[in-house]
Amino acid sequence: MAEKRRLTPWMYGVAGVTFLGGLLFGYDQGVISGALPLLETDLDLSTLESEIVTSWVTLGALFGALVAGGLADRIGRRRAAVAAGVLFALGALIEAVAPGAAVLTLGRVVTGLGVGFASVVAPLYAAEMAPKRLRGRFVSTYQLAITVGIFFAYLADDALTGSDRWRLMFALAVIPGVALVVGFIIMPESARWLLKLGRRDDARASLLKVDGPEMADAELATLEADLESEAREGEAHWGEVFSPTLRRALWVGIGLATFQQITGINAIIYYANEIFAEAGFTTAEAQAKATLYAVGATNVLATLIAVAWVDRFGRRPLLLSGLVGMTASLAAVGLSFATLESQPDSGATSTTVGGIITVIALVVFIASFAFSMGPVVWTVIAEIYPNRVRGRAMAVATAVNWLAAFIVAQFFLSLVDAIGESTTFFLFSALCIASYVFVHRWVPETKGRSLEEIQERWVVNGDRMLEEEPA
Ligand code: BGC
């Protein structure tokens, strides 16, 4: 009964390092929310400096993600992951000791490079090492780990609110960085990569460890057959990714990656404390608590639900219903800010009704995102490209996602300064409507279909595949 065979301890190790990769990504996304208000007073940051300190981590991640695939092919998955952990820990140390905005920004870029590496290498390693039947679960573990990382960062932010403690908030990120390095020093290299280099004995040794003695030789044979047929077809080149046959798949991937960011998720993840401050939460403690529970905990819980549901409900119903929730809740945040803005001394003294409505609306927003656009976008992007170009096409989508995240983080505070909170949130709400139209018209229903069927019908024959197949 190969299907039901027990997992070896090493397989838990694979899940563990994948989780760490997501955790460090998430910690870094979340930590800035609590650190920023302290930094602004302690280092006397301008709006532009606040935006740079927040957003340049995504710029680092963009470059990191662009080079990570090639690097992991050249030096191996393990060494690339170790490099990710080292960069991440080093960046955290630079941030923690930074005397001013310039060094802090340098630390953010270095950390970002580590995050970019990890965002490519951890899911790649998971996909190559996980047994087939658990591949989906391993990849969604990664998304869950991101939200847990954000939650841990908010916990640290909450525990450390008090002047100058921001250094400790950043320094704590050294722990998952070092854990990732140690984890990948212990873990074996991907057998698939070793085999590609012709190191058959090493590949077999890795499979013996991870898959266990009964399965290792069968796995080795499968991998060899896979690589042979890949070699027969020849290496895919970049031109193919942009070829007319793949144009629609490429655009759907790029569209989903962009809409996931421009509907505002990371404006809220990064600037949650600032938003709660504007909504009338006057103390740093109250802001950190609101962020921890309304954003952090909701995100983890709703992602757990999504991971359980994504294969039961279709991708489209999840995406579309999530977008309805996101549109409505962002409009409610906009309205509540409009009321706050129209009061003469808005939110200056205590948590107002507007503040409470903002918290409730943000809970609904985060929950709606976390069961739809958060995980499902990545699921669909992983399903719509043919095998040969999947790696490259996913790298394009990931890079576009970081770029969109960068633009939002870089301009959010200035946008708020220029047009006010309420209009900014109405704008995000309008972009959710645009995403709804996009998903409704273009995104195929991939649930329960094999990758071959998706390729044949949707990519090659241009079938729109908007409906679920009857059971
Ligand atoms: C997004 C991240 C975001 C996270 C929030 C992910 O799917 O790609 O940008 O910070 O969800 O949970």
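Counting starts at 1 for both ligands and their atoms, following the listed order.
- Side-chain polar atoms of T358 and S336 form a donor-acceptor pair below 3.5 angstrom.
- Nearest protein heavy-atom contact of atom 1 (C) of ligand 1 is Q260 OE1, 3.6 Å.
- Ligand 1 has at least one atom lying under 4.0 Å from a heavy atom of G374.
- Atoms of ligand 1 found under 4.0 Å from any heavy atom of N299, numbered from 1 in the order shown, are 5 (C), 12 (O).
- Judged as a ring pair (Phe, Tyr, Trp, His ring centres under 6.0 Å), and not counting sequence neighbours, Y293 has no contacts.
- No part of V377 comes within 4.0 Å of ligand 1, judged by heavy-atom distances.
- At a cut-off of 3.5 Å, with distance as the only test, no side-chain donor of N299 or T147 sits close to an acceptor on the other residue.
- Ring centroids of Y142 and F19 are separated by 6.0 Å or more, keeping the two rings apart.
- Among the atoms of T147, none of the N or O lies under 3.5 angstrom from an N or O of ligand 1.
- Of all atoms in ligand 1, numbered sequentially from 1 with element shown, those under 4.0 Å from a heavy atom of Q143 are 6 (C), 7 (O), 11 (O).
- Scanning all protein heavy atoms for the shortest distance to atom 2 (C) of ligand 1 gives Q29 NE2, 3.8 Å.
- Of the heavy atoms in M373, none comes closer than 4.0 Å to ligand 1.
- Taking the centre of each ring, Y125 and F184 come in below the 6.0 Å mark.
- Contacts with ligand 1 closer than 4.0 Å are made by side-chain heavy atoms of N266 only, the backbone lying farther away.
- For E189 and R77, the salt-bridge test fails: no basic side-chain N is under 4.0 Å from an acidic carboxylate O.
- D28 and T111 share no donor-acceptor pair across their side chains, judged by distance under 3.5 Å alone.
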